[in-house]
Amino acid sequence: MLRWRSEATEATMRRSGRPRLRLRLPLVTLFLLVLLPLSLGQDQAGNTGTETSTSTSSTSSASVSSSTVRTSPTFLSRSSSSGTSTATTTRSAYEVAPTVLLADEGVTYNFTLNRTAPAFLAHFANNVTDRALGVILNIGQLAPNGSEPLPKVIVTTEDNYLPHDGRRSRTSGGSARTGYNIGEGNSWQIVWDNGFGNWTHGVDRNWNVANHSAVAPRLLIGRGINDDVILDPTLIGAGNVTVYLGYTVLDTPPGGYFDYTKVGGIDATHPYFGDSSATEALVFSPLRLADKPPQPKYPNYTLPGPELSLPDFKAILNGSEAANNNTFLFGGRAQSVTFVVLPTSSTPSELSNSAAAIRAEVALLPPADTPTVNSNGSMWTTVGGTAGFRDYVVFGNLKPSTNYTVWAVGADGITMSQPAWFTTKQATFRCPLLLPTTMCPGVGYASPLSDSPSTLSAIPQEYADFIAASLQAFEVSVLTGACGRDRYSFVSDCADCYAAYREWLCRLVLPQCAGDDVAFVDVDPSGPQSPYRLDRTLESPRNTNISSSTGTPTYPIDYFELMPCINTCTRVSQLCPSSLQWNCPRRHFNANESYAFVTGNNALGDGSANTGWPATDVYGNRWCNGLL
Ligand SMILES: *[C@@H]1O[C@H](CO)[C@@H](O)[C@H](O)[C@H]1NC(C)=O
Ligand SMILES: *[C@@H]1O[C@H](CO)[C@@H](O)[C@H](O)[C@H]1NC(C)=O
Ligand SMILES: *[C@@H]1O[C@H](CO)[C@@H](O)[C@H](O)[C@H]1NC(C)=O
Ligand SMILES: *[C@@H]1O[C@H](CO)[C@@H](O)[C@H](O)[C@H]1NC(C)=O
Ligand SMILES: *[C@@H]1O[C@H](CO)[C@@H](O)[C@H](O)[C@H]1NC(C)=O
Ligand SMILES: *[C@@H]1O[C@H](CO)[C@@H](O)[C@H](O)[C@H]1NC(C)=O
Ligand SMILES: *[C@@H]1O[C@H](CO)[C@@H](O)[C@H](O)[C@H]1NC(C)=O
Ligand SMILES: *[C@@H]1O[C@H](CO)[C@@H](O)[C@H](O)[C@H]1NC(C)=O
Ligand SMILES: *[C@@H]1O[C@H](CO)[C@@H](O)[C@H](O)[C@H]1NC(C)=O
Ligand SMILES: *[C@@H]1O[C@H](CO)[C@@H](O)[C@H](O)[C@H]1NC(C)=O
Ligand SMILES: *[C@@H]1O[C@H](CO)[C@@H](O)[C@H](O)[C@H]1NC(C)=O
Ligand SMILES: *[C@@H]1O[C@H](CO)[C@@H](O)[C@H](O)[C@H]1NC(C)=O
């Protein structure tokens with residue numbers, strides 16, 4: 001890990017001020033060489049003399065296609081063929097590094113840095129050099145043993161210009177708060193924070209876009225660059241290191257607020273872990289679109305019925321993503337996400353903030369250990385207690401009783417969520433995963449509905465029939481009671497009441513299977529310490545909370561039930577008209593026979609986040625079956 005001692009920092013700053021004049025001539029020459037083929041500056045070609053003719057071919061190859069990063073043999077041979085080591089080590093990295101033009105916003109550029117191509121100088125197309133922009137960087141991978149020195153990224157501008165301090169931190173994963181930009185005057189170094197770096201240009205300390213003139217930021221990206229910005233071959237290291245760079249220009253007028261969340265990089269959200277079986281896991285993206293199904297309006301009291309009819313998510317995103325304020329942005333963009341999962345033990349701890357490194361680590365897993373995507377898609381759900389659309393994925397080929405870390409990665413390839421963690425169930429676990437459905441949109445977990453372990457994308461018919469019949473009966477009693485009155489204010493309550501009943505019913509008819517009774521680690525000692533479980537066998541299938549004319553549902557396998565959180569029941573009594581006379585068991589009486597809760601105080605520990613301990617946490621600990 002790169003650490004800057006403050007004396008070293010100051011020394012660098014002082015030095016970087018001095019060589020500026022010395023460097024100016026070669027820099028200008030370099031710029032001309034690169035811009036020549038683009039700006040048709042034919043008559044300037046003569047001014048730069050004989051050097052131009054020897055360099056044009058290599059520099060034009062670097063500038064013609066900005067995304068094709070090539071080394072410049074001309075420049076490099078000068079350093080590598082210059083014989084004595086003194087000649088080599090006094091070569092400024094700026095002279096050696098071939099120039100790469102960053103012209104395409106939205107493209108992620110990559111730079112492979114190794115002995116033959118230790119450094120690159122990246123500069124922006126002319127039309128962005130005076131704009132407010134944000135740059136994000138990822139280190140792709142270090143040597144397998146992590147021993148490669150980290151590349152340096154040094155930003156310079158033609159004029160003094162205050163950058164905004166970059167700074168980031170992660171709430172979890174154990175990484176220290178190490179990332180921030182340092183510098184003074186016209187040169188700064190971007191400090192890596194576990195493989196992630198960022199830099200914002202043209203913004204004052206309050207994130208307001210400054211009134212500024214062209215300052216032409218450039219980034220020197222290289223290995224073997226010492227504190228004097230001299231290329232020292234002994235510092236380069238043996239292997240390849242790839243640095244990924246993305247940038248975003250925001251059209252914010254001077255004085256306006258620079259919304260750096262639109263730059264991408266690290267998103268504050270994390271994936272929502274549905275549940276795991278022994279070898280599969282169901283994971284949801286952060287919420288992409290918050291959306292309630294249409295609410296019934298007086299005098300039309302039609303409730304949604306057993307199957308919710310949902311809006312077309314793809315059409316919403318396609319048609320009006322900018323106009324729709326319910327759309328959640330990922331890294332500042334309305335973009336779909338993919339997921340990356342790694343055994344927690346294989347997580348590159350040195351590069352744990354780098355989407356590129358994590359993808360590279362997945363590619364290194366032997367095929368036998370590589371998770372597969374068994375199914376994926378987008379779906380309207382109420383998982384996590386919020387209604388809306390999420391992307392989901394079912395991972396397969398996981399190992400039983402193993403810790404995994406999962407991230408959501410944006411379609412831009414460089415924006416990554418916070419991590420979430422989960423553990424697969426023991427090898428003897430038999431319940432299949434069940435995906436959310438239009439009938440039970442909050443159920444996305446393992447349930448004992450089949451004696452085959454394959455993931456279910458639909459509720460098996462007998463249970464679906466049972467749920468539909470119960471919902472219809474409930475609808476009749478809701479509509480003939482308080483909701484039938486000519487009072488608008490009750491109407492939306494009735495839809496909420498119906499939805500709360502649906503959540504309760506689904507979680508009781510489709511019980512969640514619990515894994516082994518493993519104690520949680522690092523939890524609040526006054527909160528839940530392990531899952532609340534009930535042993536359900538074929539002989540003692542379940543309590544009689546639910547039944548109908550067709551009897552109580554039965555299940556084809558023995559299982560341990562993860563008890564429903566008591567809030568699944570109390571929400572119904574809170575949201576439904578009192579005339580329905582919905583009663584939940586009392587904590588001090590017999591509630592613990594059918595529901596999970598913590599403490600004897602009704603205001604605490606019912607499974608909701610706002611009463612102390614949510615049903616599940618970011619580490620995948622789940623103590624009861626319910627909404628957060
Ligand atoms: C690196 O950049 C090259 C040139 O643009 C591109 O073809 C390649 O796919 C990129 N590699 C990765 C891993 O992004
Ligand atoms: C350095 O990286 C470039 C680009 O990937 C590659 O062509 C070259 O062979 C590498 N050199 C060494 C010494 O690995
Ligand atoms: C800069 O110019 C290029 C080509 O003319 C264009 O594609 C790009 O969108 C421009 N960038 C900005 C931020 O205006
Ligand atoms: C680890 O890196 C060092 C330095 O590059 C190298 O000498 C050593 O062989 C590497 N070890 C392994 C096991 O790759
Ligand atoms: C760098 O990224 C982090 C996380 O996205 C953000 O909090 C910080 O403000 C960014 N800094 C800059 C200079 O863009
Ligand atoms: C920006 O600076 C120019 C020249 O100094 C000045 O004319 C202009 O009014 C300034 N604009 C703002 C928004 O401060
Ligand atoms: C670096 O990458 C190049 C091109 O992918 C490859 O040929 C070379 O072997 C790599 N070098 C090392 C040391 O891995
Ligand atoms: C009542 O709502 C249902 C479902 O939303 C709809 O099909 C029906 O046309 C509505 N009836 C009236 C009179 O608005
Ligand atoms: C997106 O909308 C445009 C016009 O509104 C339409 O032509 C296009 O087919 C739509 N694409 C998808 C994937 O729905
Ligand atoms: C979205 O929100 C912005 C600002 O909060 C507001 O100006 C705009 O009118 C809203 N758009 C819609 C379609 O509601
Ligand atoms: C599902 O995965 C495939 C392959 O990884 C990907 O191309 C597709 O976009 C994914 N679909 C969704 C909805 O995430
Ligand atoms: C999984 O993670 C938990 C919590 O951090 C830890 O106690 C446990 O030892 C880990 N299990 C394995 C197999 O690494």
Side-chain angles (χ1 to χ4, degrees), residues 35 38-39 61-71 100-114 117 120 122-135 137-141 172-174 201-202 209 214 216-217 221 240-253 262-263 273 276 278 281 340 342-347 349 354-364 369 398-406 409 411-414 419-427 515-523 529-530 617-622:
L35 294 177
L38 284 185
S39 56
S61 74
S63 56
V64 160
S65 164
S66 53
S67 46
T68 308
V69 175
R70 294 212 198 118
T71 60
V100 176
L101 178 69
L102 306 174
D104 292 321
E105 229 193 304
V107 169
T108 303
Y109 292 84
N110 61 68
F111 301 83
T112 298
L113 309 169
N114 58 25
F120 293 91
H123 72 105
F124 295 93
N126 279 344
N127 58 351
V128 304
T129 55
D130 62 345
R131 312 277 288 279
L133 63 89
V135 175
L137 296 146
N138 275 191
I139 295 177
Q141 83 187 65
S172 49
H201 169 72
V209 173
I221 302 171
N240 297 317
V241 172
T242 304
V243 171
Y244 295 79
L245 183 156
Y247 72 98
T248 305
V249 179
L250 296 184
D251 273 317
T252 309
K262 293 201 165 69
V263 173
F273 168 58
S276 60
V340 180
L342 271 180
T344 303
S345 58
S346 306
T347 302
S349 56
S354 163
I358 285 158
R359 273 200 311 272
E361 195 67 35
V362 171
L364 288 176
D369 295 344
L398 306 178
K399 301 249 175 301
S401 301
T402 303
N403 292 335
Y404 286 89
T405 310
V406 61
V409 177
D412 65 9
I414 198 166
W421 292 270
F422 67 86
T423 306
T424 45
K425 302 290 195 317
Q426 69 278 9
D516 274 348
D517 191 8
V518 176
F520 301 156
V521 179
D522 279 349
V523 294
Q529 307 295 310
S530 61
D617 67 15
V618 71
Y619 299 100
N621 294 323
R622 189 182 296 274

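Atoms within a ligand are numbered from 1 in the order they appear, just like the ligands themselves.
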Which residue and heavy atom of the protein sit nearest [atom], plus the separation:
atom: atom 7 (O) of ligand 12; value: Val521 CG2, 3.5 Å
atom: atom 13 (C) of ligand 3; value: Val128 CG1, 3.5 Å
atom: atom 3 (C) of ligand 3; value: Asn127 ND2, 3.5 Å

Of the listed options (Asn403, Thr423, Thr344, Thr402), which comes nearest to atom 8 (C) of ligand 12 when hydrogens are ignored and any heavy atom counts?
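Answer by nearest heavy atom: Asn403.
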
My understanding is that only one of Phe422, Trp421, Tyr619 makes a ring-ring contact (aromatic ring centres under 6.0 Å, His included) with Tyr404; could you say which?
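Only match with Tyr404 under ring-ring contact (aromatic ring centres under 6.0 Å, His included): Phe422.
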
[Y] side chain reached by [X] side chain, heavy atoms, under 4.5 Å:
X: Phe124; Y: Val135; value: yes
X: Glu105; Y: Thr248; value: yes
X: Val406; Y: Phe273; value: no

May I ask you to identify, for Tyr109, whether its side chain, its backbone, both or neither come under 4.0 Å of ligand 1 on a heavy-atom basis?
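Neither; nothing of Tyr109 gets under 4.0 Å from ligand 1.
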
Apply the side-chain contact (heavy atoms from CB on, under 4.5 Å) test between Leu245 and each candidate in Thr108, Ile221, Val100; give the one that qualifies.
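Exactly one option meets the side-chain contact (heavy atoms from CB on, under 4.5 Å) with Leu245, and it is Ile221.
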
State the atoms of ligand 1, each with its element, that fall below the 4.0 Å cut-off from a heavy-atom position in Asn110.
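Here the atoms of ligand 1 in question are 1 (C), 2 (O), 3 (C), 8 (C), 10 (C), 11 (N), 12 (C), 14 (O).
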
